[in-house]
Amino acid sequence: MDLFLHNSMTRRRELFVPLDPAHVRIYVCGPTVYDLAHLGNARPVVVFDTLVRLLRRLFPRVTYVRNITDVDDKIIARAAETDEPIASLTARTAHDFHEDMAALGALAPDIEPRATLHIAEMIALIERLIAKGNAYVAKGPEGEHVLFSVASFPAYGRLSGRSREDMIAGARVEIAPYKRDPADFVLWKPSGPDQPGWESPWGRGRPGWHIECSAMSWRHLGSDFDIHGGGSDLLFPHHENEIAQSRCAFPGSHFVRVWLHNGMLRVNGEKMAKSLGNFFTVRDVLAAAPGEAVRFLLLKTHYRSELDFSFAALAEARKELDRFYRALARNPDRPERPIPAPVMAALADDLNTPAAIASLHALADQALAGDAEAAAGLAAAGPVLGLLGADPEAWFQGGVQADAPAIEAAIAERRAARAARDFARADKIRADLAAQGILLEDGPAGTTWRRAS
RNA sequence: GGUCCGGUGGCAGAGUGGUCAUGCAGCGGACUGCAAAUCCGCGUACGUCGGUUCGAUUCCGGCCCGGACCUCCA
């Protein structure tokens, strides 16, 4: 099946043709580990996890690299604020990140490089850039900086669609006096005694943010690879700078074949961001609903669109999943079936998860009517979306405080009351359980219970 | 100010040059002791003004509105 992806570089939907059909290589910008992930940070993780799941269905081998940035000025600032050693802060935050992403059903990437373990590659890259005339050393007050010379790369601005004039005109940054050109950006900067630093040809210092991703993608995927993903807010300057660095360091290479960018998560119409203070951490959200519901919510909107988060929308996502799990529960004996064609077709069309989910609803309709084939299709489609992997009973009964034997006892008592036509008593029992968040359903096969939604 | 993206029914959210998105909510009915779940049925839509066309929500242009980026940011 042909896969089409919307390439940010060309702004068009394109047929995806891997450089090596036997091995697809993808890089996604990972977190800077200084604080708990918020839901906006989770969106690219879930989106690209889904893409990788799809790629694995379509190609024999996929290598998925997602980095961890563990050297950064925000990390330094946070560590100083809280008086926690940097190594402890980054290790703890990375651990929490892994836990949160696992809760959202995101598989671990094949390779998760850490910036601090790739300093040598960064230095090597910077040396190449200096040797080729794309970077220069500049003396600042604290020591030697290495800057990338934007003027040396004529294609600069192609990804973001900006001219150099635009960038300079709109620049809100104070321009460091040692820059030759206002658009030049830092590859290496000096570190003070209180800052993390590594020995380099330019003295003790640390890398700029952009060079990290160029170095890690080069090390693990080579100078040319298929897909690079990240949030749309990274398009400029981060990804533009990566292109400049990588292509200049390896003349003749194209660096990335397809650029993919997910839309921003919003709250009340504004981008969710730490700097705006309008964020919910993944943990905040997981307290309100299972991780699968959170994942489903993120997949209900196409990855390139903006998504306005609300707890009401999360509750709705959970109810939709209820329906799917009910359809599975009604058909416990299901044959093995491939992923239904409409689901694959939707996903292969620029990862149209909302359309895929609409197909799931159609399958659920049939499955609820007793069609085991449809239920089998539904179950088969789950894994490619990272959904429906739970046992239906666990889905419906998870998170309830009361213990099962007590609930069963109450149900038995109610059954006796109903048999005696003592409906007042029966309804009282049902109401008491409802007060504990437990919902009863009387069916032909008896009474079952589930958590209230 | 510059670059880019978008405005679809109560809400969420796909898509298309000419019969259906889909879900949630709502309404009516069936089922139920009553519910829940399920089933059947119903309604409301394509920001605005022009243009192209036999026909536009879909293509083109103007306008209005919203958002992202231009600084760290997923």
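Naming: A, B, ... by sequence-line order, numbering from 1 per chain. Note that the coordinates shown come from a computational prediction; the quantities given were computed from them, not determined experimentally.
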A:Phe423 side chain, from C-beta outward: closest of B:G33, B:C39, B:C70: B:G33
What does the 5'-to-3' dot-bracket notation of RNA chain B look like when only Watson-Crick and G-U wobble pairs under 3.5 Å count, and pairs to other strands show as |? (((((((..(((.....[...))).(((((.......)))))....(((((..]....))))))))))))....
By salt bridge (charged side-chain N to carboxylate O under 4.0 Å, His left out) - contacts of A:Arg78 (at least two apart): A:Asp35, A:Glu81
For A:Asp100, all residues meeting salt bridge (charged side-chain N to carboxylate O under 4.0 Å, His left out), sequence neighbours excluded: A:Arg283
Looking only at B:C4, B:G33, B:G67, the nucleotide nearest the A:Glu306 side chain is B:G67
Hey, is the side chain of A:Ser305 poking within less than 4.0 Å of OP1 or OP2 on B:A14, counting only N and O atoms? yes
Aromatic ring centroids of A:His145 and A:Trp188 under 6.0 Å? no
Can you check the distance between B:G13 and B:A21, where both ends of the measurement are the C1' atom (answer in whole Å)? 10 Å
So A:Arg326, base contact, sugar-phosphate only, or nothing? Heavy-atom distance under 4.0 Å. sugar-phosphate
A:Ala390 and A:Glu292 have their tightest heavy-atom pair at CB-OE1, 4.3 Å
Inter-nucleotide P distance (B:U22, B:G55), Å rounded: 29 Å
Base, sugar-phosphate, or nothing for A:Lys300, non-hydrogen atoms under 4.0 angstrom? sugar-phosphate
For B:G13, does OP1 or OP2 lie under 4.0 Å from any side-chain N or O of A:Thr301? yes
Can you tell me how far P in B:A25 sits from the matching atom in B:A37, rounded to whole Å? 8 Å
N/O donor-acceptor pairs under 3.5 Å from side chains in residues 354-366 of chain A, not counting sequence neighbours:
unit_1, atom_1, unit_2, atom_2, d
A:Ser359, OG, A:Ala355, O, 3.3
A:His361, NE2, A:Glu320, OE1, 2.7
A:Asp365, OD1, A:Arg323, NH2, 2.1

Can you tell me how far apart CZ (A:Arg206) and CE (A:Met122) are? Round to the nearest 0.5 Å. 13.0 Å
Please confirm whether any donor atom in the side chain of A:Asp427 sits under 3.5 Å from an acceptor in the base of B:G33, or the reverse. yes
Have a look at A:His302 and say if it touches a base, only the backbone sugar-phosphate, or nothing, with a 4.0 Å heavy-atom cut-off. sugar-phosphate
Can you sort out the partners of A:Arg53 under salt bridge (charged side-chain N to carboxylate O under 4.0 Å, His left out), two or more places apart, ordered by chain and number? A:Asp49
Any base atoms under 4.0 Å from A:Ala355, or only sugar-phosphate, or nothing? Heavy atoms, all strands. sugar-phosphate
Taking the P atom of each, how far is B:G18 from B:C72, in whole Å? 46 Å
Options B:C69, B:G66, B:A35, nucleotide nearest the side-chain atoms of A:Phe236: B:C69
Note: A:Arg414 and A:Arg430 closest approach over all heavy atoms is NH2-NH1, 3.5 Å
B:A74 to B:C49 separation - P atoms, rounded to the nearest Å: 42 Å
Whole-Å P distance, B:U8 and B:A12: 8 Å
C1' atom, B:G17 versus B:G51: distance in rounded Å? 15 Å
Is there a donor N/O on one and an acceptor N/O on the other, under 3.5 Å, for the side chain of A:Arg430 and the base of B:C34? yes
I'd like to know whether CZ of A:Arg158 has more than 12 heavy-atom contacts from other residues, nucleotides or ligands below 6.0 angstrom. no
Tabulated below should be each protein N or O lying under 3.5 Å from an N or O of nucleotides 24-26 of chain B; please produce it.
unit_1, atom_1, unit_2, atom_2, d
B:C24, O4', A:Glu316, OE2, 3.4
B:A25, OP1, A:Lys319, NZ, 2.3

When you compare B:U57 with B:U48, how far apart are their C1' atoms, in angstrom units rounded to a whole number? 13 Å
Aromatic ring proximity, centroids under 6.0 angstrom, A:Tyr64 and A:Tyr27: no
